[in-house]
**Q** 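Below is a structure I'd like to ask you about.
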Amino acid sequence: MAEVLKQEKDIYILGIESSCDETAAAVVKNGREVLSNIISSQIVIHRKFGGVVPEIASRKHIENIMPVIDEALSRAQVSMEQIDAVAVTYGPGLVGALLVGLSAAKALAWAADKPLIGVNHLEGHVFANFLTDAELKPPFMALVVSGGHTALLKVTGYNSFELMGQTRDDAAGEAFDKIARVMGLPYPGGPEIERLALNGSDAAMQFPLAHLDKPYEFSFSGLKSAVINYLHNQEQAGRQVNHADVAASFQKAVVDALVKQAVLAMQATGYEKIVLAGGVSANKTLQNTLAAAMKGIGAELVHPTPILCTDNAVMIACRGYFMYQAGMRSPLDLNAVPSLKLG
């Protein structure tokens with residue numbers, strides 16, 4: 001049974017996110033109402049390198065963090081005195097980038113005498129769905145699909161999670177980015193693969209899927225290698241490659257693997273709702289295929305709006321709200337913990 005949240009006054013949470021290449025801050029009221037959502041992206045800076053350069057990301061976070069926080073408070077028309085708690089991503093992520101957000105959050109919390117709440121980045125992605133579905137409440141399944149993680153979680157309560165299974169090697173988002181890079185597409189690769197796939201046939205190639213001995217787990221390293229080998233072999237043989245067909249066929253293989261395990265997990269638990277979380281959750285093919293599969297077993301899919309699929313501080317503030325309501329607090333000497341530790 002889901003916990004019942006009670007409150008006597010409005011709760012304002014300031015969220016801060018700096019785990020990768022977005023510097024973000026947001027103010028959320030009562031866990032569901034977004035008052036501001038400010039994101040300073042570094043995509044243009046890192047694109048020429050084909051991916052995120054950690055040191056450059058950290059330096060840009062230092063430049064952007066306070067202006068972004070100031071703008072979030074200004075847009076929300078809320079002062080630090082009105083803020084009830086400061087929620088900040090503590091991991092997983094790039095350690096240097098995380099430390100910038102953590103340092104700013106700890107300084108603000110100490111100076112304003114506000115509680116500090118360290119938020120797991122992946123839990124934040126899951127909680128973005130509370131801002132999409134006003135009726136969403138535990139228990140439900142979560143399929144987390146990002147550049148660094150692919151996992152199935154049982155969300156048994158607002159503050160309790162159970163890891164059912166995860167990738168044994170590469171994450172789905174990582175595979176998207178690597179294949180895009182090999183095909184000469186710009187960073188970030190996931191959206192580029194999706195756009196290219198619209199003009200291709202997903203039946204053109206039959207790329208292999210890993211057959212795992214455990215349910216609810218994933219493996220994308222073999223698929224990634226198969227696509228790269230195909231591209232290299234065609235190039236060496238002097239054959240012209242239809243990149244749109246490759247993109248569509250590769251995307252279908254990833255989506256099929258994700259949907260297959262999600263269906264198994266839903267059938268095992270009997271849950272009626274599954275949420276998508278993480279950057280890859282913005283993929284329309286994944287959304288449509290998973291929604292159709294859920295309808296086939298009498299379940300429902302919830303996924304965030306596009307702006308809440310990628311890294312943002314709204315989801316951190318939302319997650320922080322439920323932690324605040326449960327009395328969960330973090331010490332001001334909290335350090336970055338770039339590991340997956342749910343629950």
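The first residue of the sequence shown is numbered 1, and numbering continues consecutively from there.
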**Q** Working note: Q287 + L276, criterion side-chain contact (heavy atoms from CB on, under 4.5 Å); need CA distance, chi angles, decisive distance, verdict.
**A** CA-CA 8 Å; Q287 291 176 5; L276 270 174; 4.0 Å; yes
**Q** Which word best sums up how the rings of F176 and F250 line up, parallel for under 30°, tilted for 30 to 60°, or perpendicular for over 60°?
**A** perpendicular
**Q** Which residue pairs pass the salt bridge (Lys or Arg N to Asp or Glu O under 4.0 Å) test with at least one member in residues 39-57, sequence neighbours excluded?
**A** E55-R59
**Q** Quiz question: by atom type and distance under 3.5 Å, do the side chains of S19 and E17 form a donor-acceptor pair?
**A** yes
**Q** Can you list every pair that meets side-chain hydrogen bond (donor to acceptor under 3.5 Å, both in side chains) and has a residue in residues 265-277, with sequence neighbours left out?
**A**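 Qualifying pairs: D133-K273.
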**Q** Hydrogens and angles aside, do N283 and Q251 bring a side-chain donor and acceptor to less than 3.5 Å of each other?
**A** yes
**Q** Only one of F130, Y321, F127 forms a ring-ring contact (aromatic ring centres under 6.0 Å, His included) with Y158, so which one is it?
**A** F130
**Q** Scan for side-chain hydrogen bond (donor to acceptor under 3.5 Å, both in side chains) pairs involving residues 174-189, sequence neighbours excluded, and state none if there are none.
**A**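 Applying side-chain hydrogen bond (donor to acceptor under 3.5 Å, both in side chains) to every pair that reaches into residues 174-189, excluding sequence neighbours, yields D21-Y187.
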**Q** Do any side-chain atoms of residues 108-118 form donor-acceptor pairs under 3.5 angstrom with protein atoms, and if so which ones, sequence neighbours left out?
**A**
unit_1: K114; atom_1: NZ; unit_2: E81; atom_2: O; d: 2.9
unit_1: K114; atom_1: NZ; unit_2: I83; atom_2: O; d: 3.0

**Q** Could I get the full list of side-chain contact (heavy atoms from CB on, under 4.5 Å) partners for A210, not counting sequence neighbours?
**A**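 Applying side-chain contact (heavy atoms from CB on, under 4.5 Å) to A210 gives L212, S219.
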**Q** Starting from I38, walk the hydrophobic network (Ile, Leu, Val, Met, Phe, Trp, Tyr; side-chain heavy atoms closer than 4.5 Å) and list everyone else you reach, by chain and number.
**A**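 Hydrophobic cluster check, I38: joined to V68.
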**Q** May I ask you to decide if A97's main-chain N or O and S58's side chain share a donor-acceptor pair within less than 3.5 Å?
**A**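 Flag set: sc S58 to bb A97 pair under 3.5 Å.
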**Q** Let me know which of L185, I193, L223 forms a side chain to side chain contact (heavy atoms under 4.5 Å, CB included) with I179.
**A** I193
**Q** Keeping the roles fixed (side chain from N37, backbone from A313), state whether a donor-acceptor pair exists under 3.5 Å.
**A** no
**Q** Show the nearest heavy-atom pair for residues F161 and N159, with the distance to one decimal.
**A**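 Heavy atoms only, the tightest pair is CE1-C, 3.9 Å.
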**Q** For the backbone of S249 and the side chain of D202, can you confirm whether one donor and one acceptor N or O come within less than 3.5 Å of each other?
**A**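 Flag not set: sc D202 to bb S249 has no pair under 3.5 Å.
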**Q** Could you pull out the closest heavy-atom pair between E217 and G165, with the gap in Å?
**A**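 In terms of heavy atoms, the two residues are closest at CG-CA, 4.2 Å.
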**Q** How far apart are the closest heavy atoms of G189 and A180, and which atoms are they?
**A** CA-CB, 3.4 Å
**Q** Is the side chain of N312 donor-acceptor paired with the backbone N or O of M315 at a distance under 3.5 Å, no angle test?
**A**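 Flag set: sc N312 to bb M315 pair under 3.5 Å.
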**Q** Taking H149 for the side chain and A171 for the main chain, is one N or O donor matched with an acceptor at less than 3.5 Å?
**A** no
**Q** What closest approach, in Å, do V145 and A172 show between heavy atoms, and which atom pair accounts for it?
**A**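 It is CG1-CB, 3.6 Å.
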